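Model, not experiment: these values are computed from the prediction.
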Amino acid sequence: MASASSSSSSTNWIMESGEIPHVLAVDDSLIDRKLVEKLLRNSSCRVTTAENGLRALELLGLTNGEHSTLNGRSKVNLIITDYCMPGMTGYELLKKIKESSVMREVPVVIMSSENIPTRINKCLEEGAEMFMLKPLKESDVRELTCQLMNLGR
């Protein structure tokens, strides 16, 4: 791959089943949430957003043993969440997802504007697929989608 490529063509990401991947993006910052949503949509992903960890758990159906409230949309193929959020951190959200028998296989990516190695290691040890620094760029989303396709998800 050419590293100097800043091509405007988007990377289309289609699952082996032919479905368009469905991503849950969680961030308390509206600007960051919109940026992640735009980058993922440009990569042909379907995106649902949540403004905090509790809302994400509600959407995933992990609050009271209820079913997902994603309004009949397909299951989530990826969860990407900010680390620093009020109420519930991305790390706490990751732990809840990995404790769930239904959601534990869904890859979780943590984002943060702070490059703190102990935080990164803690998230990876708890089961995060990746830890990415904000602000995300198109190349980050390409790396993310390539890695996830290699996982067969």
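Applying the 6.0 Å contact sphere to CD1 of I31 captures no more than 12 heavy atoms from other residues, nucleotides or ligands.
Shown are L59, V26, V76; of these, the side chain to side chain contact (heavy atoms under 4.5 Å, CB included) with T48 is made only by L59. Among the candidates L24, L40, V36, the single residue satisfying the side chain to side chain contact (heavy atoms under 4.5 Å, CB included) test with V47 is L40.
What you find for L78 and P107 is that their closest heavy atoms are CD1-O, 3.4 Å. The shortest heavy-atom contact between I110 and A128 is CG1-CB, 3.9 Å. Closest of all the heavy-atom pairs between M85 and N52 is SD-CA, 4.2 Å. Shown here for A56 and A50, the closest heavy-atom pair between the two residues is N-CB, 3.8 Å.
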side-chain contact (heavy atoms from CB on, under 4.5 Å) assessment of N77 paired with V106:
CA-CA 6 Å; N77 305 104; V106 176; over 6 Å; no

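How far OG1 of T89 is from CG of L94: 9.0 Å, rounded to the nearest 0.5 Å. The CG atom of D32 sits 7.5 Å away from atom OG of S113, with the distance rounded to the nearest 0.5 Å. To the nearest 0.5 Å, atoms CG (L144) and CE (M111) are separated by 10.0 Å. Remark: E105 CD to I97 CD1 distance equals 12.5 Å, nearest 0.5 Å. Atom CG of N115 sits about 4.5 Å away from atom CG of L133, to the nearest 0.5 Å. Here the straight-line distance linking atom CG of D27 with atom SG of C84 works out to 10.0 Å at 0.5 Å rounding.
For the salt bridge (Lys or Arg N to Asp or Glu O under 4.0 Å) test, residues two or more places apart in sequence or in another chain that qualify with D140 are K137. Taking the salt bridge (Lys or Arg N to Asp or Glu O under 4.0 Å) definition, one finds that E37 meets it with K34, R41, sequence neighbours left out. Annotation: side chain to side chain donor-acceptor pair (under 3.5 Å) contacts of K96 (sequence neighbours excluded): none. Remark: E99 pairs with K95 by the side-chain contact (heavy atoms from CB on, under 4.5 Å) rule, at least two apart or across chains.
Residues L54 and L62 are members of separate hydrophobic clusters, defined by side-chain heavy-atom contacts under 4.5 angstrom among Ile, Leu, Val, Met, Phe, Trp and Tyr. Put simply, M132 and I116 are part of two different groups of oily side chains (I, L, V, M, F, W, Y) that touch within less than 4.5 Å, one to the next.
K134 is listed as a side-chain neighbour of D82, based on a closest heavy-atom distance under 4.5 Å.
Classification of R33 and D28 as a salt-bridged pair fails, no side-chain N sitting under 4.0 Å from a carboxylate O.
When atom types are taken as modelled, the side chain of K98 and the backbone of R104 share a donor-acceptor pair closer than 3.5 angstrom.
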Atom pairs and distances, donor-acceptor, side-chain atoms in residues 120-127, under 3.5 Å, two or more places apart:
residue: N121; atom: ND2; partner: P117; partner atom: O; Å: 3.3
residue: K122; atom: NZ; partner: Y83; partner atom: OH; Å: 3.4
residue: E126; atom: OE1; partner: Y91; partner atom: OH; Å: 3.3

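The list of salt bridge (Lys or Arg N to Asp or Glu O under 4.0 Å) pairs with a residue in residues 106-115, not counting sequence neighbours, reads E114-R119.
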